[in-house]
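These notes are about the structure you will find just below.
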Amino acid sequence: MAAADLLVIITADILYQISMYYFPASFMFITPVCRVILVLTSTATDCSVWFTVTFTFDRFVAICCRKLKTKYCTKKTAAVVLATTCILFCLKNVPFYFAYEPGEIINNVPWFCYRMSSYYTDPGWVAFNLFDKVLIPLFPFALILLLNALTVRHILVASQVRKGLRGLSNGEDQSDPEMESRRKSVILVFTISGSFILLWLTYVIEFGYYSITGTDPEDYNGSEYILKQVGIMLVNLNCCTNTFIYGVTQSKFREQFMSAVKYPVTSITQLINKQNN
């Protein structure tokens, strides 16, 4: 998830947004290059969203499905799920390459990327756009809410049962390592999925607005354009949050991060000591 989020920041923010404002005449805005960047941005965003879904499902299985946990919650399964997700969304976003046309032709070189005028009117593109919006983020919204609800329900029921078995029904306060572990997992799941839902909400509202009213986003007035850009900004912001959430909540993540930071210094120190000896 952190890697997918980082790719979104690189493609959407650094290669596109920052370059557009500070290096508008760079080679990255030659139409074929620009198209590739936009396809990569869309693919990275899709992977970021669905990695959140698969993470939520993984926690659901780990907490609620004990028998399935031993088979599903493994490194091999995680690798297969991540690889399959990446491949499918790479294929799904290929049509976006053809959804843009040059804005200008300078010395026979096409520059910039503009949405085709028929993107919001041609039946094929309208169907593809609807499929894209349902897949990202409407369907993930529904899945995350459903999985979180089932997870919380299971934990509440299991908590009451364990309290009864441990003789805690009278309100005594005794530590329970199992329930403490589940509580931390739930906090992590709800923090990540809650952040996802809140930061994607404006984007979903904007999609619902132009779908219901039939407004062409290319013809937005000032306030409508601001709504659209705020939605895009919050979507990109969502891809900055997961890494920090991991850093705050997961001790193993913090340990691995510090190890990665210290590794160059440690390697140089060992190399110097080896040469001195």
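All values reported here derive from a predicted model rather than from experimental measurement.
- There is no path of hydrophobic side-chain contacts, each under 4.5 Å, that joins Tyr263 to Phe257.
- Within the 4.5 Å cutoff, side-chain heavy atoms of Phe60 are placed close to those of Leu150.
- Note: the hydrophobic cluster containing Val49 also contains Leu145 (ILVMFWY, side chain heavy atoms under 4.5 Å, direct or indirect links).
- Taking the ring axis of Tyr97 as reference, the NZ or CZ atom of Arg35 stays within 45° of it and closer than 6.0 Å to the ring centre.
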Worksheet item: Would Val94 and Val39 satisfy side-chain contact (heavy atoms from CB on, under 4.5 Å), going step by step from the backbone distance to the final call?
Response: CA-CA 7 Å; Val94 169; Val39 170; 5.8 Å; no

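- The distance from the CG atom of Asn273 to the CD1 atom of Ile268 is 12.0 Å, given to the nearest 0.5 Å.
- Contact between Ile63 and His154 at its shortest, heavy atoms only, is O-NE2, 3.2 Å.
- Linking ILVMFWY side-chain heavy atoms closer than 4.5 Å, directly or via other members, places Phe131 and Phe98 in a single hydrophobic cluster.
- Annotation: side chain of Thr56 is not in contact with side chain of Leu143 (no heavy-atom distance under 4.5 Å).
- Transitive grouping of hydrophobic side chains (ILVMFWY, heavy atoms separated by less than 4.5 Å) keeps Leu201 and Val8 in distinct clusters.
- Of the possible donor and acceptor atoms, one in the side chain of Thr11 sits under 3.5 Å from a partner among the backbone N and O of Leu7.
- Considering OG1 of Thr54 and CG of Leu147, their distance stands at 10.5 Å, rounded to 0.5 Å.
- Tyr16 and Phe23 fall within the same hydrophobic cluster, defined by Ile, Leu, Val, Met, Phe, Trp and Tyr side-chain heavy atoms under 4.5 Å apart, directly or through other members.
- Residue Glu101 comes nearest to Arg115 through the heavy atom pair OE2-O, 4.0 Å, listed as atom of the first residue, atom of the second, then distance.
- With hydrogens and angles disregarded, a donor-acceptor distance shorter than 3.5 Å links the side chain of Asp122 to the backbone of Gly124.
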Discussion item. Please evaluate residues Ile105 and Trp111 with respect to the criterion side-chain contact (heavy atoms from CB on, under 4.5 Å), reporting the C-alpha separation (whole Å), side-chain torsions for both, the decisive distance (0.1 Å), and the verdict.
Written reply: CA-CA 6 Å; Ile105 304 294; Trp111 284 88; over 6 Å; no

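- Taking 4.5 Å as the limit, every side-chain heavy atom of Phe29 sits out of range of all side-chain heavy atoms of Ile37.
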Practice prompt. Show your reasoning for whether side chain to side chain donor-acceptor pair (under 3.5 Å) applies to Tyr220 and Glu206.
Written response: CA-CA 11 Å; Tyr220 274 175; Glu206 188 261 337; 2.7 Å; yes

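- By the 4.5 Å heavy-atom criterion applied to side chains, Tyr72 and Val81 are counted as neighbours.
- Note: Leu227 CG to Tyr210 OH = 11.5 Å, rounded to the nearest 0.5 Å.
- Within the model, atoms CG of Leu15 and OG1 of Thr41 stand 7.5 Å from one another, a figure rounded to the nearest 0.5 Å.
- Looking at heavy atoms from C-beta onward, Tyr114 lies out of side-chain contact with Pro102 at the 4.5 angstrom threshold.
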Discussion item. Using the rule given for side-chain contact (heavy atoms from CB on, under 4.5 Å), can you reason through Trp50 versus Phe139, listing the C-alpha separation, both sets of side-chain angles and the distance that settles it, and then say yes or no?
Written reply: CA-CA 10 Å; Trp50 278 91; Phe139 191 40; 3.5 Å; yes

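- Below 30°, between 30° and 60°, or above 60°: for Phe196 and Trp200 the angle between ring planes is between 30° and 60°, a tilted geometry.
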Discussion item. Does Phe51 form a side-chain contact (heavy atoms from CB on, under 4.5 Å) with Thr85? I'd like the steps, not just the answer.
Written reply: CA-CA 8 Å; Phe51 286 171; Thr85 303; 3.8 Å; yes

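- Annotation: side chain of Met233 is not in contact with side chain of Gln229 (no heavy-atom distance under 4.5 Å).
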Item to complete: For the pair Phe128 and Phe96, evaluate ring pair (Phe, Tyr, Trp, His ring centres under 6.0 Å) and give the outcome as yes or no after the intermediate values.
Response: CA-CA 10 Å; Phe128 177 76; Phe96 276 121; 5.1 Å; yes

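- The distance from atom CZ of Arg66 to atom SG of Cys73, rounded to the nearest 0.5 Å, is 9.5 Å.
- Enclosure of atom OH in Tyr203 is not indicated, since only 12 or fewer non-hydrogen atoms of other residues, nucleotides or ligands lie within 6.0 angstrom.
- There is a side-chain donor-acceptor pair under 3.5 Å between Thr77 and Thr74.
- Atoms CG and CG, from Asp46 and Leu135 in turn, are 6.5 Å apart once rounded to the nearest 0.5 Å.
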Worksheet entry | Thr269 vs Thr266, side chain to side chain donor-acceptor pair (under 3.5 Å): CA-CA, chis, key distance, verdict | CA-CA 5 Å; Thr269 303; Thr266 304; over 6 Å; no

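- Within a 6.0 Å radius of CZ in Phe141, other residues, nucleotides and ligands contribute more than 12 heavy atoms.
- Residues Pro217 and Tyr120 have side chains in contact (heavy-atom distance under 4.5 Å, counting atoms from C-beta outward).
- The shortest heavy-atom contact between Cys64 and Thr151 is SG-CA, 3.7 Å.
- Heavy atoms only, all atoms of each residue included: Ile136 and Phe89 are closest at CD1-CE2, 4.3 Å.
- Of all the heavy atoms in Cys34 and Phe112, the pair that sits closest is SG-C, 4.5 Å.
- Judged by distance alone, the side chain of Thr43 and the main-chain N or O of Cys86 form no donor-acceptor pair under 3.5 Å.
- The side-chain heavy atoms of Pro137 and Val204, taken from C-beta on, include a pair separated by under 4.5 Å.
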